[in-house]
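Nothing fancy with the numbering, it's 1 onward along the sequence. Quick caveat, the model's predicted, so the values are computed rather than measured. When a ligand or atom number is given, it counts from 1 through the structure's own listing order.
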Amino acid sequence: MTPIKRIGILTGGGDAPGLNAVIRAVVKTAWNNGIGVVGLEDSYDGLLEFDRSRIIAPRDVTGILRLGGTILGTINTGNPFDSVVQTSDGPRPYGERVIDMFHKMGLDALVAIGGDGTLAIGHQFCLRGIPLVGVPKTIDNDIVGTTNTFGFDTAVAFATDAIDRLHTTAEAHHRIMIVEVMGRHAGWIALYAGVAGGADAILIPEIPFDIDIVTDRLRARDKWGAKFSIVVVAEGAYPKGGTVTLQEAASKTHVERLGGIGAQLCPAIAELTKKETRNVVLGHLQRGGAPTSFDRVLATRFGGKAVELIMQRQFGTMVAWDPPDIISRPLEECVGKTKTVPMDFDLLLTARSLGITFGD
Ligand code: F6P
């Protein structure tokens with residue numbers, strides 16, 4: 001067996017705090033084991049041309065542990081296997097070009113850090129002979145096979161801080177504040193930040209809501225003397241019998257963009273409760289800034305484990321957190337699915353027992 005001498009690393013999909021921490025861990029661990037690292041720019045696009053990559057040495061990752069974003073750049077597009085790309089050698093099918101360039105660049109393996117889209121594409125490349133290990137990332141925490149993805153804790157911490165700030169102004173004005181958080185079709189961020197921030201209603205995609213049940217709860221608070229309320233709504237939440245609110249429908253090149261449910265709820269809640277109601281969308285602020293210490297540690301553990309798996313030639317796998325251990329799982333068991341909040345999840349049940357309504 002020829003030893004692994006040179007690996008590529010890429011980041012794909014929406015950025016998440018902790019991406020740079022993974023890159024740093026991979027680079028340091030690899031170099032300490034005599035393996036060189038090539039950083040590929042903008043996800044798999046970094047394998048389209050020679051000038052879209054660079055050697056990354058330990059000195060290049062010094063100081064990036066605490067930085068949000070990704071030093072490699074990232075893109076969030078649909079399935080590249082359908083497309084033909086213009087290259088310096090003429091038009092080529094995307095997948096063929098990537099595989100060809102992987103070999104021409106003298107790479108022995110690839111570390112792909114990304115969400116379900118990036119990992120599913122990575123799985124396809126694996127099936128076509130590219131030795132690859134995946135690292136799961138997303139603030140949404142919706143990847144099957146790992147208890148947490150890095151980025152999630154940072155997003156929850158930011159959203160909790162925002163809810164704390166909204167609490168004081170809500171109380172001062174006796175208002176209802178609606179806080180729309182990200183998460184795509186999973187309610188993890190809304191559930192965790194809602195509970196941590198002391199929300200009165202949490203609306204998640206897993207539980208289609210009834211607006212009358214939500215406002216009954218808010219009116220009841222008014223009667224008790226709590227003249228303000230906080231409603232946390234996940235961008236993917238929708239009313240019973242209704243549909244998800246979209247900013248933009250899916251296209252051939254991009255996935256759908258969710259968002260706007262908070263703005264829709266705002267006048268309806270104001271009307272039904274007769275209370276001043278305001279809507280705040282946290283949006284991409286949830287993805288920015290420094291990763292929490294939890295995410296830095298998880299990202300570092302993921303990066304170290306990814307190199308270990310490559311050295312053991314355990315390709316077609318994804319690193320995962322199965323507390324307290326970092327393990328590996330076959331990519332095929334994890335991709336193409338969404339990890340949503342189970343109805344018997346203890347935090348959901350605890351929230352219910354505290355009197356938080358989910359609108360059902
Ligand atoms: O998957 C991460 C995420 O931030 C989702 O929570 C959100 O729906 C989506 O990405 C936003 O994507 P974009 O940055 O392309 O608008």
inquiry  = Looking only at the side chains, is there a donor atom on one of Arg221 and Ser229 sitting less than 3.5 Å from an acceptor on the other?
reply    =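 Ser229 and Arg221 do have a side-chain donor-acceptor pair below 3.5 Å.
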
query = Do Trp321 and Phe294 have ring centroids that are under 6.0 Å from one another?
reply =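 Ring centroids of Phe294 and Trp321 are less than 6.0 Å from each other.
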
Minimum-distance protein heavy atom relative to atom 15 (O) of ligand 1 = Asn76 ND2, 3.3 Å

Pair up each side-chain donor or acceptor in residues 349-357 with any protein partner under 3.5 Å, not counting sequence neighbours, and list the distances.
{"unit_1": "Thr350", "atom_1": "OG1", "unit_2": "Asp346", "atom_2": "O", "d": "2.7"}
{"unit_1": "Arg352", "atom_1": "NH1", "unit_2": "Asp360", "atom_2": "OD1", "d": "2.9"}
{"unit_1": "Arg352", "atom_1": "NH1", "unit_2": "Asp360", "atom_2": "OD2", "d": "3.4"}
{"unit_1": "Arg352", "atom_1": "NH2", "unit_2": "Asp360", "atom_2": "OD2", "d": "2.9"}
{"unit_1": "Ser353", "atom_1": "OG", "unit_2": "Leu349", "atom_2": "O", "d": "3.4"}
{"unit_1": "Ser353", "atom_1": "OG", "unit_2": "Thr350", "atom_2": "O", "d": "2.7"}
{"unit_1": "Thr357", "atom_1": "OG1", "unit_2": "Gly359", "atom_2": "N", "d": "3.0"}

List the atom pairs, with distances to 0.1 Å, where a side-chain N or O of residues 128-138 and a protein N or O form a donor-acceptor pair under 3.5 Å, not counting sequence neighbours.
{"unit_1": "Arg128", "atom_1": "NH1", "unit_2": "Gln124", "atom_2": "O", "d": "3.3"}
{"unit_1": "Arg128", "atom_1": "NH1", "unit_2": "Gln124", "atom_2": "OE1", "d": "2.8"}
{"unit_1": "Lys137", "atom_1": "NZ", "unit_2": "Gly14", "atom_2": "O", "d": "2.5"}
{"unit_1": "Thr138", "atom_1": "OG1", "unit_2": "Asp140", "atom_2": "N", "d": "2.8"}
{"unit_1": "Thr138", "atom_1": "OG1", "unit_2": "Asp140", "atom_2": "OD2", "d": "3.4"}

request  = Tell me which part of Glu235 gets within contact of ligand 1: side chain, backbone, both or neither, using heavy atoms under 4.0 Å.
outcome  = side chain

task = Please write down residue, atom name and distance for the protein heavy atom closest to atom 4 (O) of ligand 1.
result =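 Here the nearest protein heavy atom works out to Arg287 NH1, 2.8 Å.
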
query = Is it the side chain (CB and beyond), the backbone, both or neither of Leu258 that lies under 4.0 Å from ligand 1, heavy atoms counted?
reply =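 No part of Leu258 comes within reach of ligand 1.
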
ask   = Is the Phe125 to Phe81 ring centre distance short of 6.0 Å?
value = yes

ask   = In a check of side chain to side chain donor-acceptor pair (under 3.5 Å) between Glu256 and each of His185, Gln247, Arg184, which one passes?
value =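 Answer to the side chain to side chain donor-acceptor pair (under 3.5 Å) test with Glu256 among His185, Gln247, Arg184: His185.
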
key: Under 4.0 Å to a heavy atom of His284 - the qualifying atoms of ligand 1, by number   =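 Near His284, the atoms of ligand 1 are 13 (P), 14 (O), 16 (O).
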
request  = From the options Asp140, Val255, Thr149, select the one whose nearest heavy atom is closest to atom 6 (O) of ligand 1.
outcome  = Asp140

key: Check: Val85 and Leu48 side chains under 4.5 Å, non-hydrogen atoms   =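 Yes, close enough: below the 4.5 Å cut-off.
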
ask   = About how many Å separate CG of Asp42 and CG of Asn76, when rounded to the nearest 0.5 Å?
value =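 Rounded to the nearest 0.5 Å, the CG-CG separation comes out at 11.5 Å.
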
request  = Please state which part of Ile189 comes within less than 4.0 Å of ligand 1, counting heavy atoms only: side chain, backbone, both or neither.
outcome  =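 Answer for Ile189: neither.
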
Atom indices of ligand 1 within 4.0 angstrom of Gly183 heavy atoms, with elements =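 Going through ligand 1 atom by atom, the ones under 4.0 Å from Gly183 are 6 (O).
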
ask   = Among protein heavy atoms, which lies nearest atom 9 (C) of ligand 1, and at what distance?
value =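 Protein heavy atom with the smallest distance to atom 9 (C) of ligand 1: Arg184 NH2, 3.7 Å.
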
inquiry  = Please list, in number order, the atoms of ligand 1 under 4.0 Å from a heavy atom of Ile139.
reply    =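 Selected atoms, number and element: 4 (O).
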
query = Quick one: does ligand 1 sit under 4.0 Å from the side chain of Gln286, the backbone, both or neither, non-hydrogen atoms only?
reply =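 Neither; no heavy atom under 4.0 Å.
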
